[in-house]
Amino acid sequence: MSMLLRSRLLWINFAIAAIMLGNPVLRHVQARDKLQSAGLAGATTRVDVAVDLNASPEQFHMNRLQTWGTMVGAQGRRVQLRGVTPDNLQHIARQSWVQGIRRMQP
Amino acid sequence: MNRLLRAKADIQAKRVDAGPGTRWMTPIWRRLESVGGFIVVIAVWQLAQQASGLPSTLFPSSLDALHALVDLYQVGILYEYTLLSLSHYLLGLGLGAGIGLALGLLISSNRRVSDILMPLVNFTYAIVEVAWIPLLILWWGYSPATIVVAVAYVVASPLVHNIVTGVRSIPPVYIRAVRALGGDRRVVLTEVILPAIVPSLFNGLRVGAGFGFRALIFSEMISQSEGIGYLIFTSAASQQTARTVAGMIVMGALWLFLDRMYLRPLERMSTYRWGLSSEAEK
């Protein structure tokens, strides 16, 4: 048992597992905060949102955001999406590169 | 006789202990040795970039590559692409290992099957995965399945060869002994063949896993719109060459990690356990 605990491989695997399991939990907590501060935590219908990124949007961000809503515009670091479902709101808020979400004014 | 054995043990102990000029080395120095090559290459790379006077879009420095790595991490691309590439790779590795093992055992189980399948395996061994990718795209489209199949194909080939070689190198007397004691085909497989091919299996897996990384990059370059291979390919096209280098560094680091942490220890453990290497070689 002590030999097993002294194994470097075991501890590295533990660290990897902790990162892999901890990251989704951390993202979930952050997503809840982002949605709560935007007043979108209890959304039950499709909403139009403006998503603020932590950098200028690239192809990668556009590809991802397009799968969660209909993109209607982008300005600076802000991307506007229409018809985002509550489930997809969660997806968007969970991304580490999403700084904040706001309800888009009609 | 005892004196002879003791003398032999002494010689062996000296071999383990002494390696010319290594005794003075501390463990920290030994660890530094393994990264020494990298330090030299990074220093030469940085100096060469500064001396060349070329713009960083054409010849990025090591610092540019480091900045690109940090930037990729901050915008979320590095984490997502690395996870994606790694999942494709591990799926392909698992599939290739399963197919390679099954095919290797099938070929080595029967002379007639071997005569039929071995030329085919040798034939496909020469066809690199890049040649298959256009066909794989036709069959599976621009989907992860194309990458997984390409990696599996590359992993399976050396594994089949190694397993066939491993099975053929088992002294027939072992199999005959198990049969004489009443063992059937299943007992021969589980008690003789499978344990005996473990070193060949891990050796083939390590070789295949290395080739698998190349297949991953090629197939992601051609058939994907995400992943580290895609990043390497498209960044150069958009003059973000530092990102290309960063992608290459990530691939290299991933392979080193997998090899050092899992594949090499497994291979060493198996060869040591089966007496194919001495303690001194460890």
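Here is how names work: the chains are called A, B, and so on, in the same order as the sequence lines, proteins then strands, and each is numbered from 1.
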Exceeds 12 heavy-atom contacts within 6.0 angstrom, atom CZ of B/R260: no

Spatial distance of atom OH (B/Y230) from atom CD (A/Q59) [nearest 0.5 Å]: 5.5 Å

From CD1 (A/I12) to CZ (B/F257), nearest 0.5 Å: 5.5 Å

Distance in Å, B/T234 OG1 paired with A/E58 CD, rounded so as to fall on 0.5 Å steps: 9.5 Å

Contact class of B/L231 relative to chain A, heavy atoms under 4.5 angstrom: neither

Minimum heavy-atom distance B/G76-A/S96, with the two atoms named: CA-OG, 4.3 Å

More than 12 heavy atoms of other groups within 6.0 Å of B/Q239 CD: no

Within 6.0 angstrom of B/F233 CZ, more than 12 heavy atoms from elsewhere: no

Spacing of B/E80 atom CD and A/R64 atom CZ [to the nearest 0.5 Å]: 4.5 Å

Full working for side chain to side chain contact (heavy atoms under 4.5 Å, CB included) between B/M261 and A/N13: CA-CA 9 Å; B/M261 286 298 138; A/N13 283 329; over 6 Å; no

Whether over 12 other heavy atoms sit under 6.0 Å from B/Y73 OH: no

Donor-acceptor contact present, side-chain A/N54 to main-chain B/V75, <3.5 Å: no

